[in-house]
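Lettering of chains follows the sequences in order, A, B, ..., and the numbering in each one begins at 1.
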Number of protein chains: 2
Amino acid sequence: MSVKFAVLGYGVVGSGVVELFYKNKRSIEKRAGTEMDIKYIVDIRDFPDSPYADKFTKNFSDVLNDPEVTVVAECMGGVEPAFSFLKAALEKGKSAATSNKELVAEKGDILLAAAKANNCNFFFEASVGGAIPIIRPLHRCLAANDIDKVAGILNGTTNFILTKMYTEGRSFEDALKLAQELGYAEKDPTADVEGHDACRKICIISSLVFGKHVYPRLVYTKGISDVKLCDVAAADILGHGVKLIASVRRLADGRILPCVMPMLVSHDNVMAGVNDVFNAVMVYGDGIDQAMFYGRGAGKLPTASAVLGDVIEAAKHRVTVFSQSWDSADDDSFVAPVEELKTKWYFRVPEENQPAEGAYCDENGASFIGGEMTFAEAQADAQRLSAMACIPVLD
Amino acid sequence: MSVKFAVLGYGVVGSGVVELFYKNKRSIEKRAGTEMDIKYIVDIRDFPDSPYADKFTKNFSDVLNDPEVTVVAECMGGVEPAFSFLKAALEKGKSAATSNKELVAEKGDILLAAAKANNCNFFFEASVGGAIPIIRPLHRCLAANDIDKVAGILNGTTNFILTKMYTEGRSFEDALKLAQELGYAEKDPTADVEGHDACRKICIISSLVFGKHVYPRLVYTKGISDVKLCDVAAADILGHGVKLIASVRRLADGRILPCVMPMLVSHDNVMAGVNDVFNAVMVYGDGIDQAMFYGRGAGKLPTASAVLGDVIEAAKHRVTVFSQSWDSADDDSFVAPVEELKTKWYFRVPEENQPAEGAYCDENGASFIGGEMTFAEAQADAQRLSAMACIPVLD
């Protein structure tokens with residue numbers, strides 16, 4: 001029997017899915033244990049010169065009403081119409097794979113429930129960490145663990161900018177400009193630079209690990225546009241790199257605390273060596289202690305690799321893989337506010353306010369790493385010391 | 001329906017499996033979608049004071065002849081009697097999970113065939129990289145990729161020794177002694193230090209990625225006992241760390257070249273930051289570019305986490321997961337000899353033999369990184385230059 005699937009959206013990722021599938025079709029079919037082919041490519045644009053011109057359609061209903069299509073790969077981005085399309089497909093028993101983090105972060109619980117109710121699968125490996133296998137390892141390979149913390153570098157654009165600030169002494173503005181020139185940052189870089197992209201991804205991870213849907217609006221999110229070159233330099237002298245960290249931890253009372261913030265990462269932590277556009281996710285559990293997953297977090301073929309990996313899984317599993325799921329959240333009380341985040345903090349203060357020891361002083365002030373305190377306490381200390389910078393340290 | 005499984009061997013790993021299972025039993029059952037319990041623990045020793053005393057048996061036949069037991073977790077180590085036990089279990093349709101790299105490297109093809117013939121599963125995530133999910137991601141998440149190279153730090157003992165040589169300036173002998181004192185190295189450290197352990201693991205990865213059983217005897221294996229402190233120091237000045245690298249690559253003609261050797265790893269490579277007893281595996285594919293998996297490669301609970309992850313998979317899948325498999329090798333011609341390994345090389349030579357530029361000189365001689373050449377050419381150059389050291393550079 002042959003498995004026919006449809007690709008929704010022929011942009012960067014969608015065209016990558018088509019390209020990689022036909023490049024490795026033989027070995028993919030061998031691994032799937034079945035013949036496979038793309039029957040439709042859905043896009044509102046025309047591609048008359050494409051070698052796959054005969055597969056294009058502008059009508060999603062062609063896919064929906066074709067019983068031969070059993071899997072749908074969504075690469076359009078945005079909540080709508082992706083959500084309506086996938087919900088309809090799942091309700092017809094067609095499995096879905098998506099690279100769309102916005103969709104999963106906002107509507108994952110609904111789509112997972114639809115998949116379950118219709119005995120098919122909703123997969124989203126590509127929505128977090130691009131090529132990096134993280135979703136499936138989290139709920140499959142690490143299933144014996146009690147996971148209590150995840151911390152990751154989940155946005156390549158900001159990691160590229162911070163790397164260039166560190167290695168080339170560029171200012172944030174200058175490094176952002178370079179990222180835009182190289183195509184790593186969009187013209188309007190807000191979603192990346194202000195942390196919204198990383199926020200969606202930590203929402204997906206939080207939901208999967210802790211079993212309840214975590215909405216982006218519940219997650220304190222601070223980007224890197226305030227990170228000063230002098231703080232990157234001082235952090236280095238104090239033994240740390242500065243990274244945009246999306247993290248979630250379980251507190252003693254069972255609530256979880258997700259957040260996205262620039263953080264100091266010790267040079268001894270392998271995450272400090274994750275540079276340029278690369279992403280990484282560190283998982284902490286009672287069995288594994290810690291495990292890290294590293295790779296390209298974005299890009300045409302890396303993201304396509306993850307989408308296709310899901311399509312192959314969907315082709316192999318004709319019944320719901322029910323363990324990859326989470327519940328809708330009844331209320332928000334299981335998410336703790338960022339004010340309760342407890343860790344060490346880096347401060348840069350006027351020289352006269354420096355502590356008795358351990359500060360690095362230069363013309364930008366006195367930089368030091370203080371003791372453990374909550375976010376709320378750190379804000380108060382920062383005000384009291386007239387701090388120019390106050391950045392948490394990843395523990 | 002409840003799934004009953006047996007644990008073979010109550011040593012470090014086996015007792016870890018029992019401990020972690022009962023610690024997280026509720027969440028494990030939720031993820032498995034079924035009730036689960038350990039029915040037997042097989043060990044020739046007596047454990048009268050164990051809280052699980054009623055589960056112990058000395059007779060594997062109790063497990064084999066009990067139709068209620070559907071999964072067997074093997075944590076005994078060594079080829080026999082583990083091989084006979086698991087073969088008999090698989091032939092009765094019981095799935096098996098093992099942490100036994102020696103067994104998988106020597107007999108994996110036979111056990112995989114037995115699983116396939118009897119519609120059950122043979123899983124071995126714990127046999128490579130301890131807690132690190134690598135086997136399942138390789139053949140599941142990365143299924144859309146044409147993988148052409150894998151390189152890893154697959155032995156924690158040697159990585160600990162090399163880390164201590166680098167960070168504390170200890171000699172090999174001194175660092176080995178420390179590793180033994182801390183319990184990271186055995187009294188007879190040969191299997192770790194001479195690379196045999198890493199060799200078994202790269203055999204398993206090579207077999208899985210390239211589809212044919214690769215026997216340890218086919219793999220050139222050189223350990224770290226010849227690595228001199230002065231070479232670690234000189235490599236650092238030349239921008240590299242020294243790591244014991246187990247790797248396999250596919251050559252242009254389709255043959256594969258697996259080998260285990262100390263190698264120089266660029267400080268820019270995230271693997272250079274993998275220190276102490278930690279392991280990491282870097283996978284190169286046409287979709288992903290590169291992806292790395294990092295974590296604890298050994299230890300009681302980390303290894304138990306991987307074994308239990310497999311047990312949970314086996315509990316969920318009652319039919320053969322046929323994609324995780326490889327064929328027996330008809331002959332050895334698909335494995336290329338190490339003489340064909342082509343890469344850059346580090347040399348340390350008498351000062352009078354140093355090249356025109358780029359060498360670092362001290363009382364130990366002149367150290368430099370030469371151009372790309374084969375293993376055979378490097379050996380010839382080393383002889384010609386009276387080299388005191390000749391170490392490949394990881395590309």
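Among B:I312, B:I135, B:D286, B:D310, the residue making the largest number of heavy-atom pairs under 4.5 Å with chain A is B:D286. Considering only heavy-atom pairs separated by less than 4.5 Å from chain B, the leading option among A:G295, A:C141, A:G309 is A:C141. For chain A, the option among B:G129, B:A306, B:P133, B:G299 with the highest count of heavy-atom pairs below 4.5 Å is B:P133. Considering only heavy-atom pairs separated by less than 4.5 Å from chain B, the leading option among A:L20, A:N275, A:N279, A:V311 is A:L20. With respect to chain B, the highest number of heavy-atom pairs below 4.5 Å among A:P302, A:A131, A:A144, A:G273 belongs to A:A144. When each of A:V270, A:L308, A:I28 is checked for heavy-atom pairs under 4.5 Å with chain B, A:V270 comes out on top.
Interface remark: B:N269 contributes no atoms to any contact with chain A (heavy atom separation under 4.5 Å). Looking at A:K300, there are no atoms closer than 4.5 Å to chain B (heavy atoms on both sides), in backbone or side chain. For a residue to count as touching a neighbouring chain, one of its non-hydrogen atoms must lie under 4.5 Å from one of that chain's; by this rule B:F278 touches chain A with the side chain only. Residue A:D268: no heavy atom, backbone or side chain, is found under 4.5 Å from chain B. Neither the backbone nor the side chain of B:A304 comes within less than 4.5 Å of any heavy atom in chain A. With a threshold of 4.5 angstrom between heavy atoms, B:Q290 approaches chain A through its backbone and through its side chain. The part of B:K23 that comes within reach of chain A is its side chain, from C-beta onward, which places non-hydrogen atoms under 4.5 angstrom from that chain.
A search for salt bridge (charged side-chain N to carboxylate O under 4.0 Å, His left out) contacts involving B:D146 returns B:R250, not counting sequence neighbours.
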Walk me through whether B:F293 and A:F293 qualify under side chain to side chain contact (heavy atoms under 4.5 Å, CB included).
CA-CA 5 Å; B:F293 303 83; A:F293 303 83; 3.7 Å; yes

Does B:E313 form a side chain to side chain contact (heavy atoms under 4.5 Å, CB included) with A:R140? I'd like the steps, not just the answer.
CA-CA 7 Å; B:E313 280 289 291; A:R140 302 291 283 267; 2.6 Å; yes

Run the side chain to side chain contact (heavy atoms under 4.5 Å, CB included) test on A:D289 and B:L301 for me, step by step, so that the C-alpha distance in whole Å, both residues' side-chain angles and the decisive distance to 0.1 Å come before the verdict.
CA-CA 8 Å; A:D289 179 23; B:L301 292 184; over 6 Å; no

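Here CZ of B:R136 is found 10.5 Å from CG of A:L142. Values are rounded to the nearest 0.5 Å.
The main-chain N or O of A:I288 is never found under 3.5 Å from a side-chain atom of B:R296 such that the two would form a donor-acceptor pair.
A:N145 and B:N24 are not linked by any side-chain donor-acceptor pair at a separation below 3.5 angstrom, with hydrogens and angles left out of the test.
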